[in-house]
Protein chains: 2
Amino acid sequence: MKSADVHHPIFDEIADLARTLGHAHRLVLLRHIADGELAVEQLTQLSGIALANTSQHLQHLKRAGLVQTRRDGKRVLYRLADGPIENVLAALRNLANHRRQQIREFINDRISQPDRLENISREELVRRMRNDEVVLLDVRPQNEFVAGHLPGAINIPADELEQRLAALPREKVVVAYCRGVQCVLSADALAILRARGWASRRFEGGLPDWAAAGLGVEGVNYESG
Amino acid sequence: MKSADVHHPIFDEIADLARTLGHAHRLVLLRHIADGELAVEQLTQLSGIALANTSQHLQHLKRAGLVQTRRDGKRVLYRLADGPIENVLAALRNLANHRRQQIREFINDRISQPDRLENISREELVRRMRNDEVVLLDVRPQNEFVAGHLPGAINIPADELEQRLAALPREKVVVAYCRGVQCVLSADALAILRARGWASRRFEGGLPDWAAAGLGVEGVNYESG
DNA sequence: CAATCAATCAATCAATATGTTGAATGATTG
DNA sequence: CAATCATTCAACATATTGATTGATTGATTG
């Protein structure tokens, strides 16, 4: 409203925070630190960033109050600071994904050849689920999964898939699904799965197609009507 | 195996976004633009930033895809781009406020300071619901919820909120509501949500205000017939 | 206490970002 | 079509940031 409001120092503080997040190395480091306390050298190995460089970025993060440290013998362990830090990261990831998706929809270079992505029809999926031949993989963000998902599905958001591949069985066919035909998350997931040698298919219709067919859905939006 | 993940281009994209938000001038401009379409000169006046400088920052925002433009006669009008941009800003603001409060050991006393960020108007709520930017949280007892609630709302009674936080998404703004202005349930809920770092607002009018405005209500008292 | 290890500091250079100035563009007006 | 207005561009000086290198600090080990 008033210019006094506009010059409020909160803007500078927010800008400092944002600038601290404005470097891929620091985002990578934060991502690893978010999984638990880690020492500097472990972080260099996980990230591939040179030692002194890693240290500097970590101190940048520390100055900004995003991480805290603790000494354990010779090592210095870094952990996430208190506060809604992961919310900010999630929001940024969300926005970036939103953008990517728009770009992909525009170019439409991925789903244009559905055969290569090995789509599975709803009918075949139902049949193979009955025979316990498949594992359902929901690659949408956790909150959407919580709100409602196909029965028995495992939730691994697409951007975490590479780290969490171990959670998937190798002896069944993995069927990935997401928000539906316009969503590329499951296509991304399939690329990862196939690159790592998983037997995998894609249920293109996703949750909307499933629900529209009157098949059961699990989740908070659906229990106790 | 992690290094492949680490070099994923999404990190660079997120970093670019964050860096774009990493300057107080651009945050100020975004804040004004978020209120509605504005021309460059109006923005210079509102922000106090020199004309050419304003223009450059606006173009920075445009390059980053955070704003879009439209020509109207001689003027160029800037507006927010699509996507969960306000969520990112809210998350950053939230984190910065969290830090400020920690530093000052500030004690938050409920409704005594109803700051502008806390309450959300019906108009803004409707708009953000349309954009799928918010999650509605009904914190009244279950029986009242069943009788009637805002469309799409999740019901978690205020006294169960702390145990059931996991049901709430982190990447959308949570808007809590209850029986209306005289009811403190949603204020309590907001205290819990903010303490745990959720981006959250309060729809003060609650169900009565919503229904009085002639907006749709879901529930057994309202279903067809 | 010397040797070793983990992390940080200091100094440097290259690359980017910012603010300012004045000129150039694009659309409207008389 | 010339004048005017709103905005953008181009060029420059200055500041900030990032990566690299080698030295330094702090803690442990023998």
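Here is the naming used below: chain letters follow the sequence lines, and residue numbers restart at 1 for every chain.
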Worksheet item: Could you state the CD1-P distance from I49(A) to dT21(D), rounded to the nearest angstrom?
Response: 16 Å
Discussion item. Is it the case that the side chain of R31(B) and the backbone of I33(B) share a donor-acceptor pair, with hydrogens and angles ignored and the cut-off at 3.5 Å?
Written reply: no
Worksheet item: Which parts of nucleotides 2-14 of chain C does protein reach within less than 4.0 Å, heavy atoms only, written one letter per nucleotide 5' to 3' as B for base, S for sugar-phosphate only and - for none?
Response: ---BSSBBB----
Fill in: Contact check, side chains of S186(A) and E204(A), non-hydrogen atoms, under 4.5 Å
no
Worksheet item: What integer distance in Å separates H23(A):NE2 from dA15(C):P?
Response: 14 Å
Item to complete: Would you name the heavy atoms of R202(A) and N119(A) that are closest together and state the gap between them?
Response: O-OD1, 2.7 Å
Practice prompt. Describe, in one word, how the ring planes of H57(B) and H23(B) are oriented to each other, choosing from parallel (under 30°), tilted (30 to 60°) and perpendicular (over 60°).
Written response: tilted
Worksheet item: How long is the line joining NE2 of H57(B) and C1' of dT16(C), in whole Å?
Response: 14 Å
Worksheet entry | By salt bridge (Lys or Arg N to Asp or Glu O under 4.0 Å) - contacts of R70(B) (at least two apart) | E37(B)
Discussion item. In this structure, how many angstroms lie between the P atom of dT18(C) and the CG atom of L61(B), rounded?
Written reply: 11 Å
Worksheet entry | Electrostatic pair E13(A)-R99(B), nearest N-O below 4.0 angstrom | no
Worksheet entry | Positive for side-chain contact (heavy atoms from CB on, under 4.5 Å) with I85(B), one of L61(B), L66(B), L21(B) | L66(B)
Worksheet entry | Euclidean distance, atom NE2 of residue H60(A) to atom P of dG18(D) [Å, nearest integer] | 6 Å
Fill in: Atom pair distance, as rounded to whole Å: CZ in R70(B) and C1' in dG26(C)
17 Å
Worksheet entry | Note, L150(B) side chain near D138(B) side chain (heavy atom, < 4.5 Å) | no
Worksheet item: Roughly how many Å is it from NE2 in H25(B) to P in dA15(D), rounded to a whole number?
Response: 16 Å
Worksheet item: How would DNA chain D look in dot-bracket form, 5' to 3', counting Watson-Crick and G-U wobble pairs with both distances under 3.5 Å and writing | for bases paired to another strand?
Response: ||||||||||||||||||||||||||||||
Item to complete: Answer whether the closest heavy-atom distance between the side chains of V88(B) and L92(B) falls below 4.5 Å.
Response: yes
Fill in: Rounded interatomic separation in angstrom, taking CZ from R19(B) and P from dT16(C)
10 Å
